[in-house]
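It should be emphasised that the depicted structure is a prediction, and the values quoted were computed from it without experimental measurement. Per chain, numbering begins at 1; letters A, B, ... match sequence-line order.
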Amino acid sequence: MPGPLEGIRVADFTWVWAGPSCTLQLAHMGAEVIRMESRRRICVLRMLPPWPGGQPNPNRSGYFNQYNQGKRGITLDISKPEGREIARRIVAISDVAAENFAGGVIDRLGLGYEELRQVKPDLVMISMSGYGQTGPESPYVSYGPAQVPLSGMSQLTGYRGWPPMHVGMSYGDPNAGLHAAFAVLAALYYRQRTGKGQYIDMSQWESTMAVIGDGIMHYTMNGEHPERNGNRVPEMAPHGVFRCAPAATLPGYPEDDRWVSIACGSDAEWRAFCGVMGRAEMADDPRFRTLAGRKTSEDALEEIVAAWTITRDPFEVMELCQAAGVAAFPPQSNRELAEDPHLNARGFFVEKPHADPEVGVRKHAGMPWRMSDTPCEVWRAAPVMGQDNDYVFGELLGMSSQQVAELTERQVIY
Amino acid sequence: MPDRALEGLTVVECGVAGAAAYGAKLMADLGADVIKVEAPGGGDPSRALGPFPGGRPHPEKSGAFLYLNCNKQGVTLDLGRPRAQELLMRLLGRADVLIHDFPPRQAGALGLVYDRIREANPRLVMTSISPFGQDGPHRDFMAYDLTVASAGGWTWINGWPGHPEMPPLKAYGRQTAYQSGVTAAMATMGALFARLRTGRGQHIDVSAQECIASILEMTYTYWPYMETMAVRWGQRPLQPVDFFQCKDGGWVFALCIEEHQWQALVELMETPEWTTWEVAANRFVRASNWDALRPFMEEWVSQWTVDELYRAAQARRIPFAPASTLADLLHSPHLQARGFFVEVAYPQAGTLKQAGAPYKLGGTPWEIRAPAPALGQHSQAVFGGLLGLSAAELAALREEGVV
């Protein structure tokens, strides 16, 4: 069985991380995604590490190759009128167009929805700029890392008494990409039933606020800003990340940078956890018997837990706790993820040969879902620049090799 | 002709983690009919989460619950009882989608088994969200948001660089639930799209751990590409990507991704001497010398207010951003102009402003049509109206504690 989006083609004008995260989902589901890039302004991700051997090379970036798996790649300079004309021809044979330039940019390029619907009346098009296409700040420039502070998430995340902080990744990007892919699929579903395409104006800022909806409720209900509170949450205790025994088992770790997360969601789990620690009597300690008590005495509680974990290996703590039905897992590093026996048993990772031999076969993260009847799979590694020029310009658009050579000479195909 | 994108779709939602609730919310807001099944008594655990007005817990006033459940109908069923499972199966016989986030073992005990459900309705798309997926050695591990964020590799990269004494940290809120929820909604739409062609439903297995492991920016690939360990705050190969405090006490996020943005920043700084130093020559060099350069930047930023600097930077197309407070968001003229926040009148919690649509679909509206349901509010309408139970049957079921 082919993937669920078999037969759907996507004209992909996106770049950096948010837009490509959206079209990655569509590629995962079997859509033919044609990523349009140009040497005139190479995608930011191609110019960022990691690279094999640490040597910069636009075709070898692990960052790019992770989020562009299964896509076609062509080089086309859409700042030139002829390039734009070719882009319109690609849209004319596509079902979806996606872009994530700053607000208004795609219109100025002559590739806005009003233009593109002329060549493809039932097109589903999504713009996913930082601020959306309307409103006084719509032309502002933004990248995913800035969405974390802009959305309010930075003010909510962090150690108690410390400054607002980041969340470790440019969360605004993949979050926007996933919401965008959902919206595109909803619009495609609607189109399939009605014949009507439409335009989607998506704001990365708004999609980031959508996932702190309860924090916003806190403010509108009480006029208060929730305090940053580390790993603590009101509804559970213990609920934290605790230091474990030093070990030098993995090269590159500071020896004592070993931790385990532990969360008890009920009194019963707390009781079980006391048993795991060999401190069954503590379950009935009046300070800790109820959630309210554990919250009031959380400092003392965490000291007791930390004194227990500090002599143990984090994965040993995980096994002991999980055997008793207590939620525990070490914060996994990127290496531990790649070696995670569970993820490997589930076939999560994707190892496809890349066109550049220096990249070869590397272990990329795959897709986080499985479908029983229309299986999704990555059919090919991310493209090197222009890898599919022959296929798209020749086979799909029917250009002769002479035309392609001429356009390449004039740096339209570039 | 439907004028809502997902009009005519019936979605049954149940679970405990908030993930199914968010996935179903995304579908409800685009027009799907969502029937939310809650346990009698306490209902969805989100009802106990808050935030609450005045900090006083109340099952009909939880901010998390209200935000996640507008536009849905709510029924109660004690799924531990065979009679309730039978009623659920009848409901699923009329539905297009079942989306749930019970962990695998619990789902099995509650009768949420795909092979059985497919017999009742081969067109149904069943989407199961769980912490670790439906198979593999960790399938039945216990997990909350913190557990999944750790197993997925997120907490490892979240913290302050240069502070190894501080623990790996989770991001605010139940982000792993949001991520697995939006992923599940998207995959469900993919399966519904395929159903237009095949006529058949299918089972979707969404792993929350994998949802996180697949969005770790460039940090994950540092291992397969360079055998380099990820660091706290994620890899920051270029600078500036940092927070600075302004003279009004607020925080600004200074960011230059591309070199031309740095050049524009240099102009804005009126070229202080240090910008000509070799240690600041390009974005990678700046990153390796950031500890030395940071104090200069700090001093310069401290002469501005957040808003002045934000506007001045954006006027030169430098992608700075404020670290917005929630009050900043609610008073933002831009968000007001876009109508982002919506007001919803809740019968018990009052009228509240909340986050609205993350996107605007030009041809089919996103809209709040109804506030979140009270516990069991639509049991009568759904079991009586939709399934045709008589008043006497329904009363008996209530008596038994099934509904």
Side-chain angles (χ1 to χ4, degrees), chain A residues 4 29 50 62-63 135 137 140-141 146 149-150 152 154 156-157 164 167-169 174 178-179 181-183 185-186 190 198-199 201-202 206-207 209-211 213-214 217-221 241 252 261 263 322 327 329 331-332 334-335 337-338 342 345-346 362-363 365 368-370 372-374, chain B residues 5 51 53 63-64 67 136-138 141-142 144 146-147 150-151 153 155-158 167-168 171-172 178 182 186-187 189-190 194 202-203 205-206 210-211 214-215 217-218 220-226 229-230 234 237 253 314 319 321 323-324 326 334 337-338 353 355 358-360 362-363:
Chain A
M29 291 195 214
Y63 193 177
E137 293 165 20
Y140 279 18
V141 283
L150 185 65
S154 288
L156 295 166
T157 299
V167 296
M169 61 160 132
L178 286 160
H179 282 85
F182 168 75
L185 281 161
Y190 177 78
Q198 60 179 313
Y199 178 64
D201 167 14
M202 152 122 193
E206 289 164 6
S207 59
M209 285 186 288
V211 296
D214 23 352
M217 284 299 226
H218 195 113
Y219 184 80
T220 56
M221 279 177 166
V241 176
S261 75
Q322 290 289 354
F329 214 109
Q332 297 210 96
N334 54 343
R335 175 180 181 169
L337 272 182
H342 174 80
R346 273 176 60 78
R362 308 256 169 187
K363 198 169 186 176
W369 71 84
R370 312 286 183 279
S372 62
D373 282 36
T374 57
Chain B
Y67 172 62
H138 297 160
F141 270 21
M142 270 292 285
Y144 296 101
L146 175 67
T147 326
S150 296
T155 54
W156 178 260
I157 55 172
N158 191 24
Y172 173 82
Y178 282 106
V182 62
M186 175 190 68
M189 285 314 305
Q202 56 180 315
H203 188 207
D205 165 13
V206 178
E210 292 171 2
C211 287
S214 56
I215 62 167
E217 204 164 15
M218 76 269 269
Y220 163 70
T221 47
Y222 263 88
W223 185 256
Y225 276 71
M226 293 177 71
M229 299 290 297
F253 188 66
Q314 286 285 351
S324 311
L326 298 177
H334 177 76
R338 281 180 62 80
K353 237 185 207 180
Y359 31 61
K360 297 175 193 297

Undergrad: Please name the pair of heavy atoms, one in B:F141 and one in B:P137, separated by the smallest distance, quoted to 0.1 Å.
TA: CE1-O, 4.5 Å
Undergrad: For the interface with chain B, which of A:P50, A:S372, A:A327 has the highest count of heavy-atom pairs at distances below 4.5 Å?
TA: A:P50
Undergrad: Report which part of A:M29 has an atom under 4.5 Å of a heavy atom belonging to chain B: side chain, backbone, both, or neither.
TA: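 For A:M29, the side chain is the part near chain B, not the backbone.
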Undergrad: For A:A365, which atoms come within 4.5 Å of any heavy atom of chain B: side chain, backbone, both, or neither?
TA: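 Both parts, backbone and side chain.
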Undergrad: Does either side chain, that of B:E217 or that of A:Y63, offer a donor lying less than 3.5 Å from an acceptor on the other one?
TA: yes
Undergrad: Quick one: which of A:T157, A:V211, A:L337 has the most heavy-atom pairs under 4.5 Å with chain B, could you say?
TA: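 The answer is A:V211.
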Undergrad: Any idea which of A:V241, A:V141, A:T220 has the most non-hydrogen atom pairs under 4.5 angstrom with chain B?
TA: A:V141
Undergrad: Determine whether A:D214 and B:P51 make a side-chain contact, defined as any pair of heavy atoms from C-beta on separated by less than 4.5 Å.
TA: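 A:D214 vs B:P51: side chains touch.
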Undergrad: Using a cut-off of under 4.5 Å on heavy-atom pairs, state which of A:M169, A:H218, A:M202 scores highest against chain B.
TA: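 Counting heavy-atom pairs under 4.5 Å, the top option is A:M169.
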Undergrad: Name the member of B:P319, B:P167, B:G234 that forms the most heavy-atom pairs with chain A at distances under 4.5 Å.
TA: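 Maximum pair count with chain A is reached by B:P167.
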Undergrad: Answer yes or no: is there a side-chain heavy-atom contact under 4.5 Å between B:R338 and B:K360?
TA: yes
Undergrad: When heavy-atom pairs shorter than 4.5 Å are enumerated against chain A, which of B:P237, B:A323, B:A355 gives the highest number?
TA: B:A323
Undergrad: Which bit of A:Q322 comes within less than 4.5 Å of chain B, counting heavy atoms only: side chain, backbone, both or neither?
TA: side chain
Undergrad: Quick check: do A:Q332 and B:W156 have side-chain heavy atoms less than 4.5 Å from each other?
TA: no
Undergrad: Under 4.5 Å between any side-chain heavy atoms of B:S214 and A:W369, yes or no?
TA: no
Undergrad: Are B:Y220 and A:K363 close enough that some pair of their side-chain heavy atoms sits under 4.5 Å apart?
TA: yes
Undergrad: Among the options B:S324, B:A230, B:G190, pick out the one with the most heavy-atom pairs lying under 4.5 Å from chain A.
TA: B:S324
Undergrad: Take B:E210 and A:R370 through the test salt bridge (charged side-chain N to carboxylate O under 4.0 Å, His left out) and record every step on the way to the result.
TA: CA-CA 11 Å; B:E210 292 171 2; A:R370 312 286 183 279; 3.0 Å; yes
Undergrad: Would you tell me whether A:S261 and B:T147 have side-chain atoms, one donor and one acceptor, within less than 3.5 Å of each other?
TA: no
Undergrad: Between A:A338 and B:W223, what is the shortest heavy-atom contact and its length?
TA: CB-CD1, 3.8 Å
Undergrad: Highest number of heavy-atom pairs under 4.5 Å with chain A: which of B:A151, B:A187, B:A337?
TA: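 Heavy-atom pair counts peak at B:A151.
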Undergrad: Taking every non-hydrogen pair under 4.5 Å, which of A:L150, A:D201, A:L185 racks up the most with chain B?
TA: A:D201
Undergrad: Below 4.5 Å, heavy-atom pairs only: which of B:V206, B:L146, B:I157 has the largest tally toward chain A?
TA: B:L146
Undergrad: Checking A:Y199 against chain B: side chain, backbone, both or neither under 4.5 Å from a heavy atom?
TA: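 Backbone only.
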Undergrad: Just give me the residue among A:A181, A:A146, A:S154, A:P174 that pairs up with chain B most often, heavy atom to heavy atom, under 4.5 Å.
TA: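 Most pairs with chain B among the choices: A:A146.
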Undergrad: Which atoms of B:A194 come close to chain A, meaning under 4.5 Å heavy atom to heavy atom: side chain ones, backbone ones, both, or neither?
TA: both
Undergrad: Do the ring planes of A:H342 and B:H138 sit parallel (below 30°), tilted (30 to 60°) or perpendicular (above 60°)?
TA: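 Aromatic pair A:H342/B:H138 classed parallel.
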Undergrad: Which residue out of B:A64, B:G362, B:P224 racks up the most heavy-atom pairs below 4.5 Å with chain A?
TA: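 Heavy-atom pair counts peak at B:P224.
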